[in-house]
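In what follows, chains carry the letters A, B, and so on, assigned in the order in which the sequence lines appear, proteins first and then strands, with residues in each chain numbered from 1.
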Number of protein chains: 2
Amino acid sequence: MSAAAVDKRRVILDAAVRVFARQGFHTCRVSDIADEAGVAYGLVYHYFPSKEAILDTLFLERWDVMLAAIAEAERSDRPPREQLRAIASFIIESYRHDPDLMKVIVVEVTRAANTFGRTHVGKIMQAHEAIGRIVAQAQRDGVFRSDIDSAFAAQAFYGLIEQVLTHWIFSGLPVPAEEFEHVKTEVVEMICGGLGG
Amino acid sequence: MSAAAVDKRRVILDAAVRVFARQGFHTCRVSDIADEAGVAYGLVYHYFPSKEAILDTLFLERWDVMLAAIAEAERSDRPPREQLRAIASFIIESYRHDPDLMKVIVVEVTRAANTFGRTHVGKIMQAHEAIGRIVAQAQRDGVFRSDIDSAFAAQAFYGLIEQVLTHWIFSGLPVPAEEFEHVKTEVVEMICGGLGG
DNA sequence: ATACTGATTGACTCGTCAGTCAGGGAGCAT
DNA sequence: ATGCTCCCTGACTGACGAGTCAATCAGTAT
């Protein structure tokens, strides 16, 4: 594949992110993506076998980077609380850096239990499992309480972050810089410290 | 509207729940609903103006019951921890009683930020707000810590329950009776107690 | 020059499905 | 009996959009 071809493929992927974020996967037409990318309709099918394959590519590209970041946190020998913070931080920074892409991934894949969620359960589970391992290790070390199932805790942790992203997505407003930092702390406080009572 | 007509309307709604749960809203055809209900295609349009209106009806019917249950918990003067437990319990019992309906509501509405989520944000927010008020009151009473935003805590609480439902939905397996009880406790423990560390 | 390869174009096909509509009963009043 | 009002039917239409394909263009090798 020539250099120009690599570029065009990228141009189409980037256009798809904007279109999926704006209109949603089901509502947009392939011609919308072609228009946004400034290429002919047919060229989309030169690079991708189907509309779905474009979304798959976008998801996998980003998710693999995230899995690497989680593995990195897991491998480090920092205290579990900081390992969790590193993961929360990575996901929130991903949103800060490219909110459209994160919107597409959350809305069209990880929260779409029927359509693409089904296709990618495996990949999604890998993230939950890695987080679960961090919690389980902390429980063995006596740093976290052991009467809460580690897989359950992982769900709560990842679910809370996704819930925050969803809230930002729904609001449609740009998120002030200090809120990103504040939320990182609040997520870890909530999961590790709880509300009390 | 005659008694027979009320029944047919109900038959169509119940059939729609099964079809939406099995195939998803976008993938199913209106004729699938008619077939499942054992009525003619056109009758669906006699009772509902559109396919979307069926989903709206299903969602609003159930959501209003849930809002009432949350209001009930809020009104009671039990300790906040038990108020939260009552809400968690209500949602989990809803799933136990009619998993298909809860699947449809979670998958097709509350987690569908683009399509029906958008339409019903208002209703969805009402639930979050009520939970937030319970937390805020507990914070004023000094029972919950005050350095976590009450709206954020409400997100975490509701988000965790929805995450658990999603997990059950994804698994496709019937949930053992004892797990329902166990999860109610775990949700409250997680949100109020945290993991420690 | 000629031939070959891959990139690019956009009009067209073809299946799908939400929603329409004209009509056929069933009950009930007058 | 006649008319009226719902309930109910399912064949049909019209729009829409994913994916195809035959043709053109650009670069590069021989």
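In this structure, CG of B:D7 is placed 9 Å from P of D:dC8, rounded to the nearest angstrom. B:Y47 has its OH atom 20 Å from the P atom of C:dA18, to the nearest Å. Between the CG atom of B:L43 and the P atom of C:dG19 there is a distance of 16 Å, given to the nearest Å.
Taking the six-membered ring where tryptophan is involved, the planes of A:F59 and A:H120 are tilted, since the angle between them lies from 30° to 60°.
Listed here is the closest heavy atom pair of B:E186 and A:D147: OE2-O, 4.4 Å.
Side-chain contact check for A:R85 and A:T185: at least one donor-acceptor pair (N or O, by modelled atom type) lies under 3.5 Å.
Judged by distance alone, with hydrogens and angles left aside, the side-chain atoms of B:K51 form a donor-acceptor pair with the main-chain N or O of B:C28 at under 3.5 Å.
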Annotated protein contacts, base or backbone, on nucleotides 14-21 of chain D with a non-hydrogen cut-off under 4.0 Å, one of B, S, - each: ---SBBB-
Readout for nucleotides 23-28 of chain D: B = base within 4.0 Å of protein heavy atom, S = sugar-phosphate only, - = neither; 5' to 3' it is ------
I would like to know whether B:E108 and B:L58 meet side chain to side chain contact (heavy atoms under 4.5 Å, CB included); could you show each step before the answer? CA-CA 11 Å; B:E108 308 291 350; B:L58 289 171; over 6 Å; no
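Taking the charged nitrogens against the carboxylate oxygens, A:K123 and A:D64 do have a contact shorter than 4.0 Å, which makes a salt bridge. Of the charged side-chain nitrogens involved, at least one lies within less than 4.0 Å of a carboxylate oxygen, so that B:R29 and B:D32 count as a salt-bridged pair.
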Only pairs under 3.5 Å count here: list side-chain donor-acceptor contacts from residues 127-136 of chain B, not counting sequence neighbours, and write none if there are none.
from, atom 1, to, atom 2, distance (Å)
B:R133, NE, B:E74, OE2, 2.8
B:R133, NH2, B:E74, OE1, 3.2

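Under 4.0 angstrom from either OP1 or OP2 of D:dC7 there lies no side-chain N or O belonging to B:K8. In this model, the phosphate group of D:dC7 is approached by a side-chain N or O of B:H46 to a distance below 4.0 Å at OP1 or OP2.
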